[in-house]
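Ligands are counted one by one from 1 in listed order, and the atoms in each one are counted from 1 as well. Quantities reported herein were computed from a predicted structural model and do not represent experimental measurements.
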Amino acid sequence: MADNVYEKYGLNDAVPRHVAVIMDGNGRWAKKRGMNRSMGHRAGMERIRGLITLSDRLKIEVLTLYAFSTENWKRTAAEVGLLFDLIVEYFIREIDELCENNVRIRVLGDIAPLPQKSRDALNAAIERTKANTGLILNLAINYGARAELTRAVNALLSENVQSAEFDDIASRLYTGGLPEVDLLIRTGGEKRLSNFLLLQAAYAELLFTDDLFPDFDEDRYAFCIKEFQQRNRRYGGV
Ligand code: IPE
Ligand code: IPE
Ligand code: MG
């Protein structure tokens with residue numbers, strides 16, 4: 001049976017190669033319902049599957065999800081701990097299906113400060129999916145664009161480079177070798193980038209939606225792709 005997902009959502013096949021999502025609004029979603037923030041994070045986690053499935057069906061090459069920023073350590077130890085526990089839970093539950101769907105998992109960020117069991121779950125997922133050739137799923141965890149740039153510059157310095165081109169820097173970012181971000185979506189209503197992929201999104205189309213992340217289902221995601229297809233990208237030209 002042909003996959004008529006394009007028809008279903010009124011899309012053409014000029015989809016973004018790389019979509020990045022700032023998954024924001026979990027806390028507010030929970031608050032609105034008189035629940036605690038952890039329930040919001042749990043509800044948010046349930047939306048990830050739909051993003052992966054639709055990205056895969058639309059033949060988007062790379063999906064990057066902002067799961068934890070270098071600034072998110074400012075939250076309570078309980079909330080930080082919960083977010084890392086959810087990572088473990090997610091992979092235990094989803095890894096078989098991700099593997100079946102040929103998804104390749106990568107991490108952007110420094111996971112060294114994470115609890116051992118979260119690192120183990122992430123490393124196991126990376127290892128198990130490394131030969132997969134389908135959708136590349138980047139999880140940005142303990143990620144910040146400033147730390148990423150600093151790391152790239154230090155890598156260059158350690159190689160005794162005297163002068164560098166932008167490509168030398170780009171290839172040393174966590175996203176080295178991947179296409180630039182075409183579409184950057186932020187849920188939750190805030191209109192800022194919060195230290196996410198600042199260089200990779202230099203020419204990305206930005207889309208801010210008021211949907212709180214736990215409400216951001218496949219249909220809402222498809223709507224964003226449709227909006228992207230209506231934009232006119234000029235890259236400085238006419
Ligand atoms: C995004 O939701 C999830 C993470 C930052 C990990 P928030 O937890 O920031 O939700 P709000 O912004 O407080 O609603
Ligand atoms: C951005 O959301 C980080 C993630 C979604 C992981 P935040 O909720 O941390 O961003 P600010 O604090 O509103 O800028
Ligand atoms: Mg937030």
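For atom 13 (O) of ligand 2, the nearest non-hydrogen atom of the protein is Arg192 NH2, 2.8 Å. Annotation: atom 10 (O) of ligand 1 to nearest protein heavy atom, Gly27 N, 2.9 Å. Atom 5 (C) of ligand 2 has its closest protein heavy atom at Met23 O, 3.5 Å. Ranking protein heavy atoms by distance to atom 2 (O) of ligand 2, first place goes to Arg186 NH2, 3.6 Å.
Atoms of ligand 1 found under 4.0 Å from any heavy atom of His41 (numbered from 1 in listed order, with element): 3 (C), 8 (O). For ligand 2, the atoms sitting less than 4.0 Å from at least one non-hydrogen atom of Ile22 are 1 (C), 5 (C), numbered in the order shown with element in parentheses. Taking a cut-off of under 4.0 Å to the non-hydrogen atoms of Arg28, the atoms of ligand 1 that pass are 11 (P), 12 (O), 14 (O). For ligand 2, the atoms lying closer than 4.0 Å to a non-hydrogen atom of Phe68 are 6 (C). The ligand atoms of ligand 1 that sit less than 4.0 angstrom from a heavy atom of Arg37 are 7 (P), 8 (O), 10 (O), 13 (O).
Within 6.0 Å of CD in Gln230 there are more than 12 heavy atoms belonging to other residues, nucleotides or ligands. The neighbour count for Glu165 CD, taken as heavy atoms of other residues, nucleotides or ligands under 6.0 Å away, does not exceed 12. Around CZ of Arg146, the count of heavy atoms belonging to other residues, nucleotides or ligands within 6.0 Å does not exceed 12.
For Leu83, every heavy-atom contact with ligand 1 shorter than 4.0 Å involves the side chain, none the backbone.
For the pair Met35 and Arg42, the minimum side-chain heavy-atom distance is 4.5 Å or more.
Within Asp24, the N, O or S atom at minimum distance from the Mg ion (ligand 3) carries the name OD1.
We find the CG-CG distance between Leu51 and Asp56 to be 12.5 Å, quoted to the nearest 0.5 Å. A distance of 7.5 Å separates CG of Asp24 from CG of Asn26, quoted to the nearest 0.5 Å.
Aromatic ring pairs are classed by plane angle as parallel below 30°, tilted from 30° to 60° and perpendicular above 60°; the pair Trp73 and Phe68 is perpendicular. Between Tyr66 and Tyr143, the ring planes lie perpendicular to each other; the angle is over 60°, past the 30° to 60° tilted range.
Remark: atom 8 (O) of ligand 2 lies closer than 4.0 Å to at least one protein heavy atom.
Ligand 1 has Arg75 within reach: a non-hydrogen atom of the residue lies less than 4.0 Å from it. For the pair Lys31 and ligand 1, no heavy-atom separation below 4.0 Å is found. Within the 4.0 Å heavy-atom cutoff, Gly25 counts among the residues contacting ligand 1.
Remark: Asn101 engages no residue in a side chain to side chain donor-acceptor pair (under 3.5 Å) (not counting sequence neighbours).
The heavy atom nearest to atom 4 (C) of ligand 2, out of those in Phe196, Tyr143, Tyr66, is found in Tyr66. Compare Gly44, Ser69, Ser194 by their heavy atoms: the one nearest to atom 11 (P) of ligand 2 is in Ser194.
Below 3.5 Å of separation, one finds no N or O of Ala67 facing any N or O of ligand 1.
For residues 6-33, no residue pair satisfies the ring pair (Phe, Tyr, Trp, His ring centres under 6.0 Å) rule, not counting sequence neighbours.
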- [ ] Would you check, one step at a time, whether the test salt bridge (charged side-chain N to carboxylate O under 4.0 Å, His left out) holds for Lys130 with Glu127?
- [x] CA-CA 5 Å; Lys130 70 179 182 200; Glu127 187 60 27; 2.6 Å; yes

